[in-house]
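To keep things clear, I will list the structure first and then write my remarks on it.
Position 1 is the first residue of the sequence; numbering continues from there.
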Amino acid sequence: LSIQEIMDSCRKILEREKVTVSDRALRMIARSAEGSLRDAQSILDQVINIAGEDVSLEDVKFALGSADPALLMALFKAVTLGKLSEALTVIDQFACTGYDLYQLSKDSIAGFRNLLILKLVEKPLDILDLSEDEHKVYQKVASSASADHLEYCLLTLTEMENAIKRSNNPRFVLETVIAKMTRYNELVPLETILTKLDLIEKSLHSASPGSKSSPTATQSRGESITE
């Protein structure tokens with residue numbers, strides 16, 4: 001089911017139960033359910049048990065153990081601007097609050113997917129489920145990065161997701177991944193390396209003894225013929 005369909009179904013339950021939930025809170029529940037109405041209803045029951053008849057966005061965040069959106073955006077911004085120290089500071093803040101770093105890697109994958117789609121797609125909101133405020137914040141970060149950098153970040157995180165999950169020290173793995181992502185602009189493109197290798201090869205070939213006869217060698221051969 002789509003997020004909107006899950007939200008509509010949950011609203012019917014809320015009306016029957018006479019429970020008030022803000023649209024943003026309900027959207028977070030639907031998004032967390034990942035297409036499953038049953039999971040959404042389970043989360044909703046959990047939140048209502050915690051918060052009662054008036055559910056706020058903060059209640060849902062508490063129930064789900066969700067990452068602080070402001071901290072997440074600070075991480076994305078630091079990475080796209082190449083500020084490793086700031087990025088590691090954000091990871092430290094997550095770690096100090098006890099947030100699951102494997103979940104942080106999954107949150108980051110979702111976030112960089114959003115950024116890449118915003119960068120590449122003409123009508124991104126047809127694909128992405130973002131509120132107006134979220135769209136503005138993501139768009140600001142996306143505008144400061146190239147599509148190639150965002151794609152590199154997304155691929156790097158995706159490739160290392162299982163390594164972070166299996167590691168006894170997920171923080172070390174995640175910090176290494178983030179370091180690679182922030183240093184993207186320092187990386188030399190493969191095309192540049194191949195071009196330089198080609199130039200070196202041509203230079204060595206032209207300088208090799210058999211590639212071109214030297215004047216001395218030519219003169220010696222001429223003298224031998226004359227004799």
Side-chain angles (χ1 to χ4, degrees), residues 1-3 6 27-40 42-43 46 60-121 124 127-130 134 137-138 141-142 145-190 193:
L1 295 177
S2 70
I3 287 176
I6 291 175
R27 182 176 294 276
M28 178 172 283
I29 291 172
R31 187 182 293 167
S32 299
E34 297 182 344
S36 170
L37 180 57
R38 181 177 296 180
D39 287 352
S42 177
I43 296 170
Q46 181 184 351
V60 176
K61 287 180 180 178
F62 177 79
L64 294 175
S66 300
D68 183 341
L71 269 182
L72 267 181
M73 296 311 301
L75 177 61
F76 301 157
K77 183 177 180 180
V79 169
T80 55
L81 295 178
K83 297 183 177 180
L84 177 57
S85 178
E86 292 183 16
L88 295 181
T89 297
V90 174
I91 292 176
D92 181 64
Q93 289 177 281
F94 274 113
C96 288
T97 61
Y99 193 69
D100 180 20
L101 296 183
Y102 170 60
Q103 182 59 47
L104 177 57
S105 72
K106 293 174 65 177
D107 294 338
S108 298
I109 289 172
F112 276 100
R113 172 184 176 269
N114 291 344
L115 291 168
L116 184 60
I117 289 175
L118 282 168
K119 194 75 176 181
L120 296 177
V121 177
I127 302 172
L128 300 176
D129 178 58
L130 296 176
E134 287 173 327
V137 175
Y138 269 104
V141 176
S146 68
D148 286 343
H149 189 182
L150 295 175
E151 182 179 6
Y152 175 78
C153 291
L154 183 57
L155 290 174
T156 303
L157 280 166
T158 302
E159 289 171 357
M160 294 302 295
E161 181 183 1
N162 286 332
I164 295 169
K165 182 179 182 179
R166 294 193 304 265
S167 176
N168 292 326
N169 294 295
R171 178 171 179 171
F172 297 165
V173 180
L174 182 58
E175 287 177 337
T176 301
V177 172
I178 293 298
K180 286 178 64 177
M181 290 158 54
T182 55
R183 294 179 59 247
Y184 172 79
N185 289 327
E186 299 176 24
L187 300 177
V188 180
L190 179 60
I193 295 174

Closest heavy-atom pair and its distance - [X], [Y]:
{"X": "A33", "Y": "I43", "result": "N-CD1, 4.3 Å"}
{"X": "S36", "Y": "I6", "result": "N-CD1, 4.0 Å"}
{"X": "M181", "Y": "Y152", "result": "CA-CE2, 4.1 Å"}
{"X": "V90", "Y": "A74", "result": "CG2-CB, 4.0 Å"}
{"X": "L174", "Y": "L101", "result": "CD2-O, 4.0 Å"}
{"X": "A67", "Y": "F94", "result": "CB-CE2, 3.7 Å"}

Take R31 and E134 through the test salt bridge (charged side-chain N to carboxylate O under 4.0 Å, His left out) and record every step on the way to the result.
-> CA-CA 14 Å; R31 187 182 293 167; E134 287 173 327; 3.4 Å; yes
Does [Y] offer a backbone N or O that forms a donor-acceptor pair with the side chain of [X] under 3.5 Å?
{"X": "S42", "Y": "R38", "result": "no"}
{"X": "D100", "Y": "Y102", "result": "yes"}
{"X": "H149", "Y": "T182", "result": "no"}
{"X": "T80", "Y": "K77", "result": "yes"}
{"X": "K119", "Y": "A142", "result": "yes"}

Within a strict 4.5 Å, meaning less than it, do heavy atoms of the [X] and [Y] side chains meet?
{"X": "V141", "Y": "M73", "answer": "yes"}
{"X": "D107", "Y": "Y99", "answer": "yes"}
{"X": "E159", "Y": "V177", "answer": "no"}
{"X": "L120", "Y": "E151", "answer": "no"}
{"X": "R166", "Y": "V173", "answer": "no"}

Report the C-alpha distance between K165 and E161 in whole Å, list the side-chain angles of each, state the deciding distance to 0.1 Å, and finish with yes or no for salt bridge (charged side-chain N to carboxylate O under 4.0 Å, His left out).
-> CA-CA 6 Å; K165 182 179 182 179; E161 181 183 1; over 6 Å; no
Under 4.0 Å between a Lys/Arg side-chain N and an Asp/Glu carboxylate O for K61 and D68?
-> no
